[in-house]
There are 2 protein chains.
Amino acid sequence: MGKTTDLRQAAIELHRRFKGKIEVRSKFPINDTLTLSLAYTPGVAEPCRQIASDKEKIYDYTSKANMVAVVTDGSAVLGLGNIGAAAALPVMEGKAILFKELAGVDAFPICLDTQNVDKIVEIISLISCVFGGINLEDISAPRCFQIEEKLKEKVDIPVFHDDQHGTAVIVLAALINALRLVDKDITKVKIVINGAGAAGIAIAKFLRRAGAKGELILCDTKGIIYQGRKEGMNFIKEEISRLTNPEKKKGDLTFALKEADVFIGVSSGGIVNSEMIRKMSPSPIIFAMANPIPEIYPEEAYRAGASIVGTGGSNYPNQINNVLGFPGIFKGALEVRARVINEEMKLAASLALADVVKNTLRKDYILPKPLDPRVVETVAAAVASTARKTKVAKK
Amino acid sequence: MGKTTDLRQAAIELHRRFKGKIEVRSKFPINDTLTLSLAYTPGVAEPCRQIASDKEKIYDYTSKANMVAVVTDGSAVLGLGNIGAAAALPVMEGKAILFKELAGVDAFPICLDTQNVDKIVEIISLISCVFGGINLEDISAPRCFQIEEKLKEKVDIPVFHDDQHGTAVIVLAALINALRLVDKDITKVKIVINGAGAAGIAIAKFLRRAGAKGELILCDTKGIIYQGRKEGMNFIKEEISRLTNPEKKKGDLTFALKEADVFIGVSSGGIVNSEMIRKMSPSPIIFAMANPIPEIYPEEAYRAGASIVGTGGSNYPNQINNVLGFPGIFKGALEVRARVINEEMKLAASLALADVVKNTLRKDYILPKPLDPRVVETVAAAVASTARKTKVAKK
């Protein structure tokens, strides 16, 4: 408890001392009249004129090419839930500085004080000309799926909901390396995902695309999700249950985990126990990513026979954290002016991320550390080259 | 012509070299895991929680307190007209870096790809929680008046349309000093304003408030504006004509200028000639602010008998430029967390700006230079103290 209190207090002090985390700077000093007249009137009229006659020149003469909007409606912030636009701002500023510090990408927080899907889509599309990419953040399911889909139809820049795709990219990278260590094949393992919000749904879809052809069960608080289930369903759970559970299996998480090779938790703290782990297949892999309390603590999971355990926190080895993904993914996409971040680019990001530590793999080191300088460059290069290969790069 | 071409080319090169003008930076480096965990998860949850329970804390823990949105819809950009949101971005970035370089105020461009008044108001209000103030920019009249008025009702942060109020503040400061030099009284002079867009309307209103009780005639391309005029009217011209022209005078600009003491042009190049100047009162003051070509060139105006001439450009003395206003005005308003920028604050800004050069006044030096370091501090202090005096300061 003391540690938690200290951390909270230190976080408050940091935020108060600097009055937030971002600042908007000029790329060059304005200390003479000539620079003033070039950067502002009358000189600035010329880049305006040229953009007016050729829209693509906005990438040459403005900061758009390297600028990401970090957009939220505050409906699903961290583990805090629906705290609204204003209270979400510290997270969005945090994301913005990680973009800049880790990848040199400029990012600016847009906190929308509405939770209406169509309004959100309209606003983002109408302010999008300033940005080269849109990072959606902390928007609740299932609205996040609708917002992302509708927005992609409206804008010609990459739209990426990090809670979905960022998480899925990192989980796949972690899984690839964990499976290497326990010598299992991704096409054959049985995987159970608990949590059917943005992350759980995206992980399920992405693992399928990445070759997880075996049993893939998605659970939520009501147990296994199956077509036609009465309680706690929505359109996306219906859709995903056709992908994950064609046999319409029913049951609770305990039942689902029997003989499973992999548990992926994006749910809430403490809902997995030793008994459940013991009934999994030999050498089970446990990614207990609930924050701040994991679905099961690593010590307990290992005692119950887990072979490899990862969590969302920095206080244990194998932190499965989005910060390993979004800076490099956007950097790569922006570098080649990708129109979208497609499945192939995300897959390339996962493989690249896994490969960073391929030759130094240990059970307590399946992913690089968040601040490992190799991560961004490797991921960005893979994403950029895959954008070119898949013909979505505009340069 | 060579000079103009050179300037254009140099402006393009500057914009291309830096790929735009703004960047979003972290206020501190993130180079260890502790800082990462305080600025981002899990530490960032604590400022979020506190803001969720006390909205005002957003001013302590985020960059909002010092962050201005520079908002346009691209409908009236510089002298270029309605070039749209994207092509307006270089101007907005220019404004943003002037905020930062001159006043230490962070500012971010918001370019709205709609020209619907209600939609613009809604969007700005729904994204306003990230900002401590709204600078409206380059929005065409009469929509700009409606947008500003409606927006002020929706948000609790200062809204300031710089083309209106910024221009009016600087013009008043210039006029105060020019009148000092020719020893005339603002309450008695006859003033003719040509141009009834955002700037002209605002200047007329503001000069009235500042004590210009004499004849004040507003003209547009159809001549003197009077109540019930058939051509080229709109709601704001009707309103202003009641304020400026109760006698319903009619006629063209030539007629209006007879016996006038002051000409203020916010219109278009070359529409005033020597003959018109010669028919003004003795020691006439000419502010020919059209850009890039003034209503009359200073050489010609002086030859025709003008006593003091100012323009909008930096290539002549007495540049009447908004950059003398908005950085300090917002700095002062943000410092005391003003809810609005009211008439008293604007008036204080004008007086403070005029006073900067009060003791060194010459006919070719009625205003300080744009980069004069005294300007921002003096204007900000006047605005802040007046906000407190008029009870609109929240701290």
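Remember, predicted model here, so these are calculated numbers, not experimental data. Below, read A as the first sequence line, B as the second, and so on, with proteins coming before strands; counting in each chain starts at 1.
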Does any backbone or side-chain atom of [X] lie under 4.5 Å from a heavy atom of chain A? Answer side chain, backbone, both or neither.
| X | answer |
| --- | --- |
| B:Lys95 | both |
| B:Ile127 | both |
| B:Ile30 | both |
| B:Asn321 | side chain |
| B:Pro370 | side chain |
| B:Gln50 | side chain |
| B:Met92 | neither |
| B:Gln9 | neither |
| B:Ile58 | side chain |
| B:Ala65 | side chain |

Distance (rounded to the nearest 0.5 Å) between [X] [atom1] and [Y] [atom2]:
| X | Y | atom1 | atom2 | result |
| --- | --- | --- | --- | --- |
| A:Phe108 | B:Glu23 | CZ | CD | 14.0 Å |
| B:Leu34 | A:Leu7 | CG | CG | 7.5 Å |
| B:Asp113 | A:Ser128 | CG | OG | 7.0 Å |

>> Counting heavy-atom pairs under 4.5 Å with chain A, which one of B:Ala86, B:Gly313, B:Ala96 comes out on top?
In response: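 Looking at each option in turn, the highest pair count goes to B:Ala86.
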>> I need the residue from B:Ile12, B:Val130, B:Leu89, B:Val44 with the largest number of non-hydrogen atom pairs under 4.5 Å to chain A.
In response: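 Max contact count across the listed options: B:Ile12.
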Heavy atoms only, distances under 4.5 angstrom: which of [options] has the most pairs with chain B? Name it, please.
| options | result |
| --- | --- |
| A:Pro109, A:Pro47, A:Gly74, A:Ala52 | A:Pro47 |
| A:Ala85, A:Gly94, A:Cys129 | A:Cys129 |
| A:Thr114, A:Thr35, A:Val77, A:Val91 | A:Val91 |
| A:Met67, A:Lys369, A:Lys57 | A:Met67 |
| A:Ile123, A:Leu112, A:Leu14 | A:Leu14 |
| A:Asn291, A:Ile83, A:Ile110, A:Ile97 | A:Ile97 |

> Minimum heavy-atom separation for A:Pro90 to B:Ile51, with atom names?
Replying inline: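 For A:Pro90 versus B:Ile51, the nearest heavy atoms are CG-CD1, 3.6 Å.
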> What are the two closest non-hydrogen atoms of B:Leu38 and A:Ala11, and how far apart are they?
Replying inline: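 Scanning both residues, the minimum pair turns out to be CD2-N, 3.7 Å.
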Any sub-3.5 Å donor-acceptor pair from [X]'s side-chain atoms to [Y]'s backbone N or O?
| X | Y | result |
| --- | --- | --- |
| B:Asp60 | A:Arg16 | no |
| A:Lys21 | B:Ala39 | yes |
| B:Lys27 | A:Lys19 | yes |
| A:Ser63 | B:Ile22 | yes |

> Mind checking whether A:His15 and B:Tyr61 have parallel, tilted or perpendicular rings, split at 30° and 60°?
Replying inline: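 Ring orientation of A:His15 relative to B:Tyr61: perpendicular.
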> What part of A:Phe131 is in contact with chain B, defined as an atom under 4.5 angstrom from a non-hydrogen atom: side chain, backbone, both or neither?
Replying inline: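 It is the side chain, since no backbone atom gets that close.
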>> With a 4.5 angstrom heavy-atom cut-off, is it the side chain or the backbone of A:Glu13 that approaches chain B, or both, or neither?
In response: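 Nothing of A:Glu13, per the 4.5 Å heavy-atom cut-off to chain B.
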>> Between A:Arg49 and B:Leu80, does the side-chain contact (heavy atoms from CB on, under 4.5 Å) criterion hold? Intermediate values first, please.
In response: CA-CA 8 Å; A:Arg49 240 182 245 118; B:Leu80 304 171; 3.6 Å; yes
> So, are B:Arg25 and A:Glu101 salt-bridged, with charged N and O less than 4.0 Å apart?
Replying inline: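 So B:Arg25 does not pair with A:Glu101 through a salt bridge.
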> Checking side-chain contact (heavy atoms from CB on, under 4.5 Å) for the pair A:Leu78/B:Thr41: CA distance, chi angles, key distance, verdict?
Replying inline: CA-CA 8 Å; A:Leu78 302 175; B:Thr41 57; 3.2 Å; yes
> Do other residues, nucleotides or ligands put more than 12 heavy atoms under 6.0 Å from the NZ atom of A:Lys55?
Replying inline: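 Atom NZ in A:Lys55 is not crowded, with 12 or fewer foreign heavy atoms closer than 6.0 Å.
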> Do B:Leu371 and A:Asn31 come close enough that some side-chain heavy atom pair is under 4.5 Å?
Replying inline: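 In short, these two side chains do not touch, never coming nearer than 4.5 Å.
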> Are B:Leu98 and A:Leu36 close enough, and set up right, to give a side-chain contact (heavy atoms from CB on, under 4.5 Å), and what steps lead you there?
Replying inline: CA-CA 9 Å; B:Leu98 291 177; A:Leu36 179 64; 3.4 Å; yes
